[in-house]
2 protein chains.
Amino acid sequence: MSCWRMSKRAPQTARRADALSKARIVEAAIEILDARGEAALTFRALARHLATGSGAIYWHIADRNDLLAAATEDVLARALAKMAREEEPRAAIGAIALAVFDAIDAHPWAGAHLSREPWHSAVGEIFERIGGWLQPLGVPMDAQFDCASALTNYILGVAGQNAANARALPGGTDRKASLEAIAARWIQDDPESRPFLRRVAAQLSEHDDRQQFVAGVDFILAGACVKQSA
Amino acid sequence: MSCWRMSKRAPQTARRADALSKARIVEAAIEILDARGEAALTFRALARHLATGSGAIYWHIADRNDLLAAATEDVLARALAKMAREEEPRAAIGAIALAVFDAIDAHPWAGAHLSREPWHSAVGEIFERIGGWLQPLGVPMDAQFDCASALTNYILGVAGQNAANARALPGGTDRKASLEAIAARWIQDDPESRPFLRRVAAQLSEHDDRQQFVAGVDFILAGACVKQSA
DNA sequence: AGCTTATTGGAACATTGTTCCATATAGCAT
DNA sequence: ATGCTATATGGAACAATGTTCCAATAAGCT
């Protein structure tokens, strides 16, 4: 109800040296999320980490979703800010996509949140940054919106999958073995079935996610450039 | 612990006319999911719907996730089965993609589940069906795996977003108004900021999701066909 | 100094998925 | 028919969670 700051000014003067604030709460949340995953972020764990009670936390944030959104914003804004600047359109778009990919690879819970809430401001930022390069890249005017959308959808899709993988393969699990197990289940028993999967099974268990991600971005860009202006 | 059927044969003879079974439970779950969304699928609601107790349900399914997976499998298998058969590669891939899109549009919770568990057997089926057409379509051999992956990622990304939209805009909400609100938040106040988003804001709030989805598929396919064989 | 408001900590609540268990039923052997 | 055993059922009980509530505190203002 009475959320953060209905007062006139921001509370410049801290209550104590370690006073609570949205920023400090988000920081603590990110620590927990990175260390032990999304399921470990409970209000009790967070309160313990901050040496306070859950009620105090609710004074600064609206609810758990608000907290996850703020943590996601934090992580993505930082990643996009310290991105290398590029001059050439294709390289620039690739750099943006990879910055997002790497941020989500490092913080899979953020990817899960973006998939769940695609209207998050970070998505707007990604959409804008990518969209701005489509004209210089030579994507026809009437294809630019669809192209930016396709790229955003693709990036969010990969984000969600990375988050799912991180959830399923917590550190220490043998990635290759897990992928082989999935491939085996997909291929099924019948030796006639699923010829395509059989053919690419080795690639499935050995491929590099990051490299494959870039390949997908390149497909979309190449396809959008090829498109004839109507 | 003792999951379904450790007995020698399947229980051919039903206990009662309305005996419980995994199929009946999944059917009831789908009814609840379609009618009132994913959050409404609780074991208590399900037990009430089936006029039984939650313990009885656990005899047939492992846990909530197993139930969602089975419901997703059901819905997607049905959609892929009754798909129109196509002869031409591009049309065939489009038809597969649209069958998945439409199934998830009708059952957004299934999209959410697929995003959360990309190793679901339905994803294997989609991957295989699409992959099988890439050779006839003319996608270079060494690009086929990446192309099928990109398409699958893209489809799952859109699936997740559709699920999120359905969660945020339950029937009756004005879609256009909601999209305009998102666009306004994304564009921010500063009239100089976000030029691309400003330019496409109208498209953002008026576009057709299904048509835009197809455009994205076409980009990926066109891009994959253009790619030079290394 | 007193008063008001912002903030805190933790108890209490409602709801969830899941487990447990006492009971009932069907099929089978005798 | 009659008991026996594995299968199946219904609902109570449990642990965990997000959220709300509230009494107590500390800061800033007059």
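Computed from a predicted structure; not experimentally measured. Basis for what follows: all heavy atoms, side chains included, without hydrogens, waters or symmetry-related copies. Below, chains carry the letters A, B, ... as their sequence lines are ordered, and counting in each starts from 1.
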- Rounded distance (Å) that lies between atom P of C:dG17 and atom CD1 of B:Ile61: 10 Å
- Message: By the ring pair (Phe, Tyr, Trp, His ring centres under 6.0 Å) test, which pairs, at least two apart or in different chains, include something from residues 181-206 of chain A?
- Response: A:Phe196-B:Phe127
- Item | Between P of C:dT7 and NE2 of A:His60, the distance in whole Å | 6 Å
- Task: Let me know the distance between CG of A:Asn65 and C1' of D:dT17, rounded to the nearest Å.
- Result: 15 Å
- Message: Working to the nearest 0.5 angstrom, can you tell me the gap between B:Phe43 CZ and B:Ile25 CD1?
- Response: 9.0 Å
- Task: With a 4.0 Å heavy-atom cut-off, tell me which residues in residues 29-46 of chain A come close to DNA chain D, sorted by residue number.
- Result: A:Leu41, A:Thr42, A:Phe43, A:Arg44
- Salt bridge check: are A:Glu73 and A:Lys22 linked by an N-O gap of less than 4.0 Å? no
- Task: Nearest whole angstrom, please: distance from the P of C:dG10 to the CG of A:Leu50.
- Result: 13 Å
- Message: Could you check whether A:Arg116 pairs with A:Glu38 (Lys NZ or Arg NE/NH1/NH2 to Asp/Glu carboxylate O, under 4.0 Å)?
- Response: yes
- Message: So if I take every side-chain heavy atom of A:Ala56 and compare against C:dT8, D:dT19, C:dT18, which nucleotide ends up nearest?
- Response: C:dT8
- Message: I need the CH2-P distance between A:Trp59 and D:dC21, as an integer number of Å.
- Response: 14 Å
- Item | Atom-pair distance (CZ on B:Arg24; C1' on D:dA8), nearest Å | 14 Å
- Message: I want to verify a distance call: between C:dG17, D:dA12, C:dA11, whose nearest atom is closest to the B:Tyr58 side chain?
- Response: C:dG17
- Run the numbers on A:His113 and A:Asn65 for side chain to side chain contact (heavy atoms under 4.5 Å, CB included), then give the verdict. CA-CA 9 Å; A:His113 184 76; A:Asn65 203 56; 3.6 Å; yes
- Message: Please report the distance, rounded to the nearest Å, between CD1 in A:Ile25 and C1' in C:dT8.
- Response: 11 Å
- Note on the structure: Whole-Å distance, B:Ile57 CD1 to D:dT9 P, equals 10 Å
- Distance from A:Arg129 atom CZ to B:Leu197 atom CG, nearest 0.5 Å? 12.5 Å
